[in-house]
Protein chains: 2
Amino acid sequence: MGKQLRHHFGGGDLRAGRRKKGSFYYFFKSKSELTAAALEAEWNKNKANMDALFSPTVPPLERFDRYFDYVHDHLAELQEKCGSILGCPMLSIGSEVSTQDQGVRATVERIWDRKIKYFESAIRDAHAQGLIVAPDPQAKARALFACYHGTLAQARIQNDVELLRDFKQAAMDVLGVKHEHAASS
Amino acid sequence: MGKQLRHHFGGGDLRAGRRKKGSFYYFFKSKSELTAAALEAEWNKNKANMDALFSPTVPPLERFDRYFDYVHDHLAELQEKCGSILGCPMLSIGSEVSTQDQGVRATVERIWDRKIKYFESAIRDAHAQGLIVAPDPQAKARALFACYHGTLAQARIQNDVELLRDFKQAAMDVLGVKHEHAASS
DNA sequence: ACCAGTCTTGACTGATCAGTCAACTATTAT
DNA sequence: ATAATAGTTGACTGATCAGTCAAGACTGGT
């Protein structure tokens, strides 16, 4: 019904950055599908890095140490660029939409399970070497993961990366590191 | 400009539950002010309960035990009523708006500081009694608090209260409880 | 040249959101 | 009784949101 008559109006109702969103729906059928795809893409981008940080060639407790350092540095860098701490995107997104968007929720859970596996095998290795006491590596991994995410959330809300520095000690406590084996940072 | 002529239209643009929001702004000048007020009100409602749970008459490690039990039971109850875990409202709200709404952010931080004081004094008492080693009770309290919130967030996203049950062990590890003093739940 | 498939465009819909407002009603003090 | 004060109402604004759509542009194959 005469849409061709309207092209000469300046696009008054959409601002500059918004004009091209039409083709978005050619690739994603919904916003929530994009969210899930973005989280998966993020994971793929980081996987090689995680593999390196948690390489079996690194002493198990040092893996955590390096990982926590890496995340700290990464978030500190982002903080400089954009003024505020981003925290863990999956936690932020997850706690916002998990009750309304099952697709995104399932994606977050799936990726978390994969991340926890790194923790789990490092814990198992540490236990095997007698560095810690962890008869149930999976439970310990989940607990440590939850603690870490709590710290990330706090750091985000208080906009203070230094909370992540303090976490290393708590992590060693959660792991049950015997004092004489503590990895120095 | 003739608003009195419009009263005979059925309120077409507002649905039933929405009709009376006009007077809201008589009491609050913005939505964010309501949010902050609601969080403060929640705190006031719970304060007496916190005081009882963390009463100095209770052995220090048992305070945590009772507190974690209380939160678990409370969330389990709410889950039955509304189908999904609510987690900690301050964490959910905080991680959603903390970068955009300084008023709410400050309120969350303020209330958290108050809550952390309960943890801190329990930790100090436990340390004094030789139950744990905690030379810096405030740091330990903050670490435990962060870990707990991480677990709450996970529980919410995975919609599973049982994660809170498992937290007790992690809490004892974070606290550095000497084995022979562990409080039984 | 022309056709089919791939991709882009921006105006459009309809819903919802935070917030405003002038007119109205209820309460209270005098 | 009356006047001031406190509180209520719902239509209204303007912004933004997720999502649709018909029209067109770009591509490679024949």
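Below, chains carry the letters A, B, ... as their sequence lines are ordered, and counting in each starts from 1. Excluded from the calculations below are hydrogen atoms, water molecules and symmetry mates; all remaining heavy atoms, backbone and side chain alike, are included. Worth saying up front: this structure is predicted, and the values here are computed from it rather than measured.
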A.B. asks: Over how many whole Å does the gap from A:F28 atom CZ to C:dC7 atom C1' extend?
C.D. replies: 14 Å
A.B. asks: Please work out which residues in residues 29-39 of chain A have a non-hydrogen atom less than 4.0 Å from an atom of DNA chain D and list them by number.
C.D. replies: A:S30, A:K31
A.B. asks: Taking all atoms of both residues into account, what is the closest heavy-atom pair of A:R63 and A:V58, and its distance?
C.D. replies: NE-O, 2.8 Å
A.B. asks: From CZ of A:F24 over to C1' of D:dC17, roughly how many Å is that when rounded to an integer?
C.D. replies: 13 Å
A.B. asks: Does the distance from a Lys or Arg side-chain N to an Asp or Glu carboxylate O, for B:D69 and B:R165, drop under 4.0 Å?
C.D. replies: yes
A.B. asks: Do the side chains of A:D136 and A:R124 get close enough for a salt bridge, i.e. N-O under 4.0 angstrom?
C.D. replies: no
A.B. asks: Does B:R114 pair with B:E40 as a salt bridge, N-O distance under 4.0 Å?
C.D. replies: yes
A.B. asks: B:V71 pairs by side-chain contact (heavy atoms from CB on, under 4.5 Å) with which of B:T151, B:V161, B:L152?
C.D. replies: B:L152
A.B. asks: Could you check whether any side-chain N or O of A:D173 sits under 3.5 Å from a backbone N or O of B:D173, counting only pairs where one atom can act as donor and the other as acceptor?
C.D. replies: no
A.B. asks: Closer than 4.0 Å, any side-chain N/O of A:Y25 to the OP1 or OP2 of D:dT20?
C.D. replies: no
A.B. asks: Looking only at heavy atoms, which two atoms of B:A153 and B:L91 are closest? And how far apart?
C.D. replies: CB-CD2, 3.8 Å
A.B. asks: Between A:R142 and A:D113, does any side-chain N to carboxylate O distance fall below 4.0 Å?
C.D. replies: yes
A.B. asks: Polar-atom pairs under 3.5 Å, protein N or O versus N or O of nucleotides 5-8 of chain D: list them with distances, or write none.
C.D. replies:
from: D:dG7; atom 1: OP2; to: B:Y26; atom 2: OH; distance (Å): 3.4

